[in-house]
Amino acid sequence: MMIVKASEDSEAGVMPTKEMIAEMGQYNERLAGAGAMLAGDGLHPTSKGARVRYSDGPPVVTEGPFGKAADQIAGFWIIETGSMDEALEWARRIPFREGEVEVRPLFEASDFPDQS
């Protein structure tokens with residue numbers, strides 16, 4: 001999973017330029033054409049969201065926004081690659097001019113002990 005970290009602009013609801021949207025569309029087409037893209041999307045700012053916290057009692061809902069922009073998620077891709085190196089290569093190709101993307105593997109059934 002490639003996790004796009006939020007910025008002050010994304011948390012303020014600033015939309016990307018037409019040029020940036022076009023570049024991202026081309027990037028997504030390359031990912032899909034390579035058979036690597038499983039899902040991906042941008043997220044609205046945390047001011048439009050809520051968190052549900054669980055702690056030995058009824059769940060507690062907190063309305064956004066949620067703290068520092070750099071600690072938030074602005075979007076994501078779920079990609080399927082043969083290795084972390086391949087995933088990082090895709091991350092290097094994202095047409096961002098600034099920002100940060102975190103790359104982490106998803107758990108698979110084989111990661112868990114046999115429950116039988």
Side-chain angles (χ1 to χ4, degrees):
M1 180 175 201
M2 298 190 299
I3 303 164
V4 180
K5 297 296 196 153
S7 66
E8 295 296 327
D9 281 348
S10 67
E11 277 294 286
V14 175
M15 297 299 288
T17 65
K18 287 182 181 181
E19 177 184 291
M20 292 166 70
I21 291 170
E23 289 174 2
M24 291 304 300
Q26 292 170 356
Y27 174 76
N28 288 340
E29 287 175 14
R30 286 192 301 272
L31 264 175
M37 186 165 175
L38 301 179
D41 230 323
L43 301 173
H44 280 276
T46 62
S47 61
K48 293 187 176 186
R51 286 188 176 159
V52 181
R53 187 172 308 256
Y54 307 87
S55 179
D56 236 9
V60 176
V61 176
T62 304
E63 301 292 326
F66 309 123
K68 289 184 5 180
D71 295 334
Q72 309 308 321
I73 298 171
F76 68 94
W77 286 273
I78 297 177
I79 62 173
E80 186 170 43
T81 63
S83 67
M84 177 61 93
D85 287 340
E86 186 180 348
L88 291 171
E89 185 55 40
W90 279 111
R92 287 184 191 98
R93 296 178 193 163
I94 298 170
F96 288 164
R97 289 171 184 78
E98 58 182 64
E100 182 178 353
V101 173
E102 183 176 329
V103 180
R104 293 173 53 188
L106 298 175
F107 277 109
E108 298 184 23
S110 62
D111 294 319
F112 296 95
D114 186 12
Q115 299 295 318
S116 24

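A quick note: this is a predicted structure, and the numbers were derived from the prediction, not measured. For this chain, numbers begin at 1 and follow the sequence in order.
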Heavy-atom pair of closest approach, residues [X] and [Y]:
X      : Y     : value
Ala32  : Met37 : N-CB, 3.9 Å
Thr81  : Trp90 : CG2-CD1, 4.0 Å
Val101 : Ile94 : CG2-CD1, 3.9 Å
Ser7   : Ser10 : N-OG, 2.8 Å
Ala6   : Ala69 : CB-O, 3.3 Å

Subject >> Short side-chain to backbone donor-acceptor contact, Thr46 and Gly49, under 3.5 Å >> reply: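 No; judged by distance alone, with no hydrogens or angles, the pair does not exist.
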Original post:
Is the backbone N or O of Phe66 less than 3.5 Å from a side-chain atom of Gln72, with the two atoms forming a donor-acceptor pair by type?
Top reply: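 Yes, the answer is positive, given that a donor and an acceptor are paired below the 3.5 Å cut-off.
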**OP:** Name the orientation class of the two ring planes belonging to Trp77 and Phe96 (parallel below 30°, tilted from 30 to 60°, perpendicular beyond 60°).
**Re:**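 Tilted, since the angle between the ring planes falls between 30° and 60°.
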Original post:
Do Asp41 and Phe76 come within less than 4.5 Å of each other through their side chains, counting heavy atoms only?
Top reply: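 Sidechains of Phe76 and Asp41: in contact.
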Subject >> Nearest-0.5 Å distance, CD1 of residue Ile21 to CG of residue Asn28 >> reply: 11.5 Å
**OP:** Look up atom CZ in Arg53 and atom OG1 in Thr62, then write down how far apart they are to the nearest 0.5 Å.
**Re:**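 The distance works out to 6.5 Å.
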Original post:
Does CD in Glu89 sit with more than 12 non-hydrogen atoms of other residues, nucleotides or ligands closer than 6.0 Å?
Top reply: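 Result for CD/Glu89: enclosed.
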Subject >> Neighbour count >12 (heavy atoms, 6.0 Å) for atom CZ, Phe107 >> reply: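 Counting other residues, nucleotides and ligands, CZ of Phe107 stays at 12 neighbours or fewer.
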**OP:** Apply side chain to side chain donor-acceptor pair (under 3.5 Å) to the pair Ser47 and Glu11, showing each step before the final yes or no.
**Re:** CA-CA 8 Å; Ser47 61; Glu11 277 294 286; over 6 Å; no
